[in-house]
Asks: 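Input: one structure, supplied below.
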Amino acid sequence: MSLYNAREAEEKWQKKWKEMSLYTTDLNDKDRKKYYNLVMFPYPSGDKLHIGHWYNFAPSDSWGRYKRMQGYNVYEPMGFDSFGLPAENYAIKHGVHPQKSTKKNIDYMKKQLNAMGAMYDWSTEISTSHPDYYKWTQWLFLQLYNHKLAYKKKSPVNWCPQCQTVLANEQVVEGQCERCDAEVTKKDLSQWFFNIRDYAERLLDFSDLDWPEKTQLMQEHWIGKSTGSTIVFDVVDPSTKKPTGKTITVFTTRIDTLFGATYMVLAPEHKLVDDITTDSHKENVNDYVEKAKKETDINRSAEGREKTGVETGAYVKNPINGKIIPVWIADYVLASYGTGAVMAVPAHDERDFAFAQKYKLPITQVIKPADGSELPLDEAFTDDGILINSETFDGLPSSEARKAITKALEKGKKGELTTQYKLRDWLISRQRFWGAPIPIVYCNDCGEVPVPEEDLPVVLPLEGVDFNPKGESPLATVDNFVHTKCPSCGKPAQREVDTMDTFVCSSWYFLRYPNAHNTEKAFDKHLTDTWLPVDMYIGGPEHACMHLLYARFITKALHDFNFIDFDEPFKKLVHQGLITKDGAKMSKSKGNTVSPDEFVEQYGSDVFRMYLMFMGPFTDGGDWNDSGIKGIARFVDKFYDLIYTKADVQDEETLQKMLHKTIKKVTEDMEKFQFNTAISALMEFTNSASKTRIDYESKKIAVKLIAPLAPHLAEELWETLNQGDSVFNAKWPTYSEELITEDTVQIVVQVNGKVRATFEAPIDIQKDDAVHRAKKIKKIQKYIEKGTVVKEIFVPGKIVNIVVK
RNA sequence: GCCGCGGUGGCGGAAUUGGUAGACGCGCAGGACUUAAAAUCCUGUAUGGGUAAUACCAUGUGAGGGUUCGAUUCCCUCCCGCGGCACCA
């Protein structure tokens, strides 16, 4: 039996920390360097925190404690992302009001977070569904609105028939709703957008950020920049071939293939479709457009789907050679990208090739392979090459031709260099109840009028609302909410009834934390510039193209509005790995979630959090399996007994060497977020020190080393060592280089690269000496005698390799 | 299809400016303590030979090839798993 009672100690210290206000950060401290240590705040959708949260939160807290011991003024806030679909769907399912279920879930989660014993500064807790918070989310909306970055527009949008609301592009995963997996359809609706596209180029700049390569790549792909040219084609009369005065602009990255354009294709939603279609083709075209509208994205973009399209009867003139080509409509061209129209070059584009084959359209080859190989006839040749059949441009390589042809078109104003992005504007309105109301009023006389700042918040009515989704915002049925006065002229007017996407709430919460008590402003400029950007941000990689992109956009916008001096929210970002259960993602619906509570009850928070960290690298995650948790429990007992038990040190030199090696190893591993190897180093030290015994001063160092990883245990032992203050006010130990340098090393002797023997030697042994000594070893002699020595290799302090032939 | 990451004992994993593969932990086996069990402690534990036991030998980091005195680490081809994107012209 160990002497340590984890449950008692943990309860005792959680209480004491609270009494001492140990983790209440002095945000105005000017003596110490600030450190903003942030973890993505949870949404109270289920009823409790699961293992995944702990896997995320506990190491983040260990990191914060480590930085604190290094002398930083660490700020580790916590709050709840309590608005939004997850919380609302949970409430509907359980037949409770979202406000009630949210509160209940938050209360329970706080209990769990308390049991974890993290150093959260609860004095600045925030909850996005509280009017004190969403008042400022609405303020944020108004700032964007005033700077023309928020606008309402009718357009085809993603519609989830299950959740009965529109969704942002980012919330559609493989054509399905991110939340409920229902197939997403398109609807023509008037909706609110944030103009994130304006920031596409700046969002590609990661130069001052310490972010995972992978996340940068994901955002880059999502933004999807490509440079090419726009080309203007004149629409010509089908019979006379004379220009009609109308033009169609296409976007291409392959202007070098312009001579190979044998037809043009418009997206069914292209606004000129109706205009250019000739009477004899109207019926066909209308049918096709109607059908395309009904198709879901998932069907329209299914891989290997056969291409379809119809002729419009219209013709356009190729500006480079005057060739007249037909205009088609096909749904493989997307209205939302580029200009919604493409020039089709079947010889050099796979999609165009497939389409041309099906509809027997001409295929003209204009590029030949640069390496002289034959042009294929049964497929498109899509690589760059040398131009052929392109009049004066023949013989030019693709890259040159792109410049030359663009130049030629520029003269006649028929083409220019353009950049396109896949990123679309952020759709932020939702036809749901549980969100921040959009602060806009519609007046018959004044039109769209923003709610004045002093009238915020536009309070979400909590009573008398049937919040079940029905395709229109539930707020539309609340008369005393809808009917109001126009802020501009005072006449009767109606409120906007849609609410904001919950990602708007979370796109700025990190700015609010230090300002949580500010009732005058969303944030104070000086305080915010002092504390931000966030020094360390930890959360899941699934937010790469949503929250993390939105937060960067909002920060840049607020910077441009002169509210803050920085334009990136998170200086360093780390993603924790995913914890699975039997290989599957843990989820409520699958019923395979694992609760941390029983483990904490049985082994204590320290053991549980250390076990999560010991499982493997933090960024890897892994499959949950509790079989090894006993090992950590044993280690904690051993460590406690080692420090608690009095015994005279037996081997001072070995102890000191081991101790200082451990300081070095743990420090380096903490820096690299390699908690698993930091813990194993502490295990090795404990095993070793149990043999050598340990003195008082070394005990203090050992306790400090384990403190970030096992805070309660360390605090308890710190007290038994008669240290008055908290161990978290103590300084992180440093090691002595001198103590860890060995004066002798083991030199490995290899023959032909295979280890055959070893010998002890001074660390600075020279080659001649080492080779000489190696050759004297009997076993080595046997190998040498079998042939002749052709080479001797010496790696200082490590290896002698004798090559025998 | 494209982009990115990974594949090491029975299991989780260590070790890479190329230098003793398997640290640490789990599990397992044997032993001590105990009337017995649990707990604890000690010893062993990549695989295959080999030995009374050491010694020793061979093989071994998804597969195959290459570079090198030497490859888990670098290069090429392929297989498998995971994550992201997906008709973006």
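Bear in mind the structure is a predicted one, so any value in this text is a computation, not a measurement. Residue numbering restarts at 1 for every chain, and letters A, B, ... go by the order of the sequence lines.
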Asks: With a 4.0 Å cut-off on N to O distance, would you call A:E742 and A:K661 a salt bridge?
Replies: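 Salt bridge flag = yes for A:K661 with A:E742.
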Asks: Write down the distance separating the C1' atoms in B:A52 and B:U61, rounded off to the nearest Å.
Replies: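 Result for the C1' pair: 35 Å, nearest Å.
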Asks: Using the P atom in both, what is the distance from B:G60 to B:U40, to the nearest Å?
Replies: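 Nearest-Å result for B:G60 against B:U40 at atom P: 39 Å.
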Asks: Does a salt bridge link A:K664 with A:E668, judged by any charged N lying under 4.0 Å from a carboxylate O?
Replies: yes
Asks: If you measure from the C1' atom in B:C24 to the same atom in B:A14, how many Å do you get, rounded?
Replies: 7 Å
Asks: Have a look at A:E542 and say if it touches a base, only the backbone sugar-phosphate, or nothing, with a 4.0 Å heavy-atom cut-off.
Replies: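 Nothing, no nucleic acid heavy atom in range.
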Asks: Identify which nucleotide among B:G25, B:C69, B:A89 has an atom closest to any side-chain atom of A:Y337, counting heavy atoms from C-beta outward.
Replies: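 Ranking B:G25, B:C69, B:A89 by closest atom to the A:Y337 side chain puts B:A89 first.
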Asks: Does a side-chain N-to-carboxylate-O contact under 4.0 Å join A:E220 and A:K225?
Replies: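 So A:E220 does not pair with A:K225 through a salt bridge.
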Asks: Decide, yes or no, whether a salt bridge links A:R693 with A:D651 under the criterion of side-chain N to carboxylate O below 4.0 Å.
Replies: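 The answer is no: the pair does not qualify as a salt bridge.
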Asks: Can you identify which nucleotide, out of B:A14, B:G25, B:G83, has its nearest atom closest to the A:K214 side chain?
Replies: B:G83
Asks: Between B:G22 and B:A46, how far apart are the P atoms? Round to whole Å, please.
Replies: 9 Å
Asks: Distance between the C1' atoms of B:U67 and B:U59, in whole angstroms?
Replies: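 Each nucleotide's C1' atom is 23 Å from the other's.
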Asks: Under the 3.5 angstrom rule, does the side chain of A:K779 hit a backbone N or O of A:R756 as a donor-acceptor pair?
Replies: yes
Asks: Nearest whole angstrom, please: distance from the C1' of B:G84 to the CE of A:M546.
Replies: 12 Å
Asks: A:N801 CG to B:U20 P: how many Å, rounded?
Replies: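 Computing the A:N801:CG to B:U20:P distance gives 12 Å.
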Asks: In whole angstrom, what separates A:L217's CG from B:C2's C1'?
Replies: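 The distance from CG of A:L217 to C1' of B:C2 comes to 13 Å, rounded to the nearest Å.
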Asks: Counting heavy atoms from C-beta on, name the nucleotide in B:C85, B:A23, B:C56 closest to the side chain of A:E684.
Replies: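 For the A:E684 side chain, the nearest candidate turns out to be B:A23.
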Asks: Could you state the CZ-P distance from A:R634 to B:C24, rounded to the nearest angstrom?
Replies: 15 Å
Asks: Taking atom C1' in both B:G13 and B:G18, what distance in whole Å separates the two?
Replies: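 The answer is 22 Å between these two C1' atoms.
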Asks: At less than 3.5 Å, do the side-chain atoms of A:K307 and the base atoms of B:C87 form a donor-acceptor pair?
Replies: yes
Asks: Treating a pair as Watson-Crick (purine N1 to pyrimidine N3 plus N6-O4 or O6-N4) or G-U wobble (N1-O2 and O6-N3) with both distances under 3.5 Å, list the stems of 3 or more consecutive pairs that involve RNA chain B.
Replies: B:1-7 with B:79-85, B:10-12 with B:24-26, B:27-32 with B:40-45, B:46-49 with B:56-59, B:62-66 with B:74-78
Asks: Could you give the CE-to-P distance, from A:M615 to B:G12, as a whole number of Å?
Replies: 11 Å
Asks: How long is the line joining CZ of A:F251 and P of B:C87, in whole Å?
Replies: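 Distance, rounded to whole Å: 16 Å.
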Asks: Return the 5'-most residue of the pair A:K782, A:V173 with respect to RNA chain B, ranking by each residue's nearest nucleotide.
Replies: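 The residue whose closest nucleotide sits nearer the 5' end is A:K782.
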Asks: A side-chain contact here means heavy atoms from C-beta on lying under 4.5 Å apart; do A:I679 and A:M613 qualify?
Replies: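 Touching, per the 4.5 Å side-chain cut-off.
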Asks: Starting from the 5' end of RNA chain B, give me the residue, A:T253 or A:G628, whose nearest nucleotide shows up first.
Replies: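 The residue whose closest nucleotide sits nearer the 5' end is A:G628.
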Asks: Return the nearest nucleotide to the side chain of A:V755; candidates are B:U20, B:C26, B:C87.
Replies: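 So the nucleotide nearest the side chain must be B:U20.
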Asks: Do the numbers put A:K358 on top of the ring of A:F355, so that NZ or CZ is under 6.0 Å from the six-membered ring centre and no more than 45° off the axis?
Replies: no
Asks: Strictly below 4.0 Å: does A:N687 bring a side-chain N or O up to OP1 or OP2 of B:G25?
Replies: yes
Asks: Considering just the side-chain nitrogens and oxygens of A:R756, establish if one lies under 4.0 Å of OP1 or OP2 belonging to B:C69.
Replies: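 Answer is no, no contact under 4.0 Å.
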Asks: When the C1' atoms of B:A55 and B:G31 are considered, how many whole Å apart are they?
Replies: 25 Å
Asks: Answer yes or no: side-chain N or O of A:Q750 and base N or O of B:G19 forming a donor-acceptor pair under 3.5 Å.
Replies: yes
Asks: Would you call A:K767 and A:E792 a salt bridge, taking side-chain N to carboxylate O under 4.0 Å as the test?
Replies: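 Salt bridge: no.
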Asks: Under a 4.5 Å cut-off applied to non-hydrogen side-chain atoms, are A:M670 and A:P708 in contact?
Replies: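 Yes. Closest side-chain heavy atoms under 4.5 Å.
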Asks: Report yes if a side-chain nitrogen or oxygen of A:K630 is closer than 4.0 Å to either non-bridging phosphate oxygen (OP1 or OP2) of B:C26; otherwise report no.
Replies: no
Asks: Can you check B:G12 for me, syn or anti if syn means within 90° of 0?
Replies: anti
Asks: Could you check, using the six-membered ring where one of them is a Trp, whether A:W624 and A:Y55 have ring centers closer than 6.0 angstrom?
Replies: no
Asks: State which of B:A86, B:A89, B:G13 makes the closest approach to the side chain of A:P617.
Replies: B:G13
Asks: Out of B:A89, B:C85, B:C24, which nucleotide sits closest to the side chain of A:F614?
Replies: B:C24
Asks: Provide the distance between the two P atoms, one in B:U77 and one in B:G25, to the nearest whole Å.
Replies: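 Comparing P positions in B:U77 and B:G25 gives a spacing of 42 Å.
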Asks: Choosing from B:G25, B:A89, B:C69, which nucleotide comes nearest the side chain of A:D349?
Replies: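 Looking only at side-chain atoms, A:D349 lies closest to B:A89.
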Asks: Among A:I51, A:V594, A:D623, which residue satisfies the side chain to side chain contact (heavy atoms under 4.5 Å, CB included) criterion with A:I579?
Replies: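 So the option named by the test is A:I51.
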Asks: Please say whether the positively charged group of A:R552, taken as NZ for Lys or CZ for Arg, lies over the ring of A:W211, i.e. under 6.0 angstrom from the six-membered ring centre and within 45 degrees of the axis.
Replies: yes
Asks: Picking from B:A89, B:C41, B:C87, which would you name as closest to the side chain of A:K638?
Replies: B:C41
Asks: When the distance from CG of A:D582 to C1' of B:C11 is rounded to whole Å, what number comes out?
Replies: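 Interatomic distance, CG of A:D582 to C1' of B:C11: 14 Å.
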Asks: Atom NE2 of A:H221 and atom P of B:G4: how far apart are they, to the nearest Å?
Replies: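 About 8 Å, once rounded to whole Å.
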Asks: Using a strict heavy-atom distance below 4.0 Å, which residues from residues 657-676 of chain A are in contact with RNA chain B?
Replies: A:N676
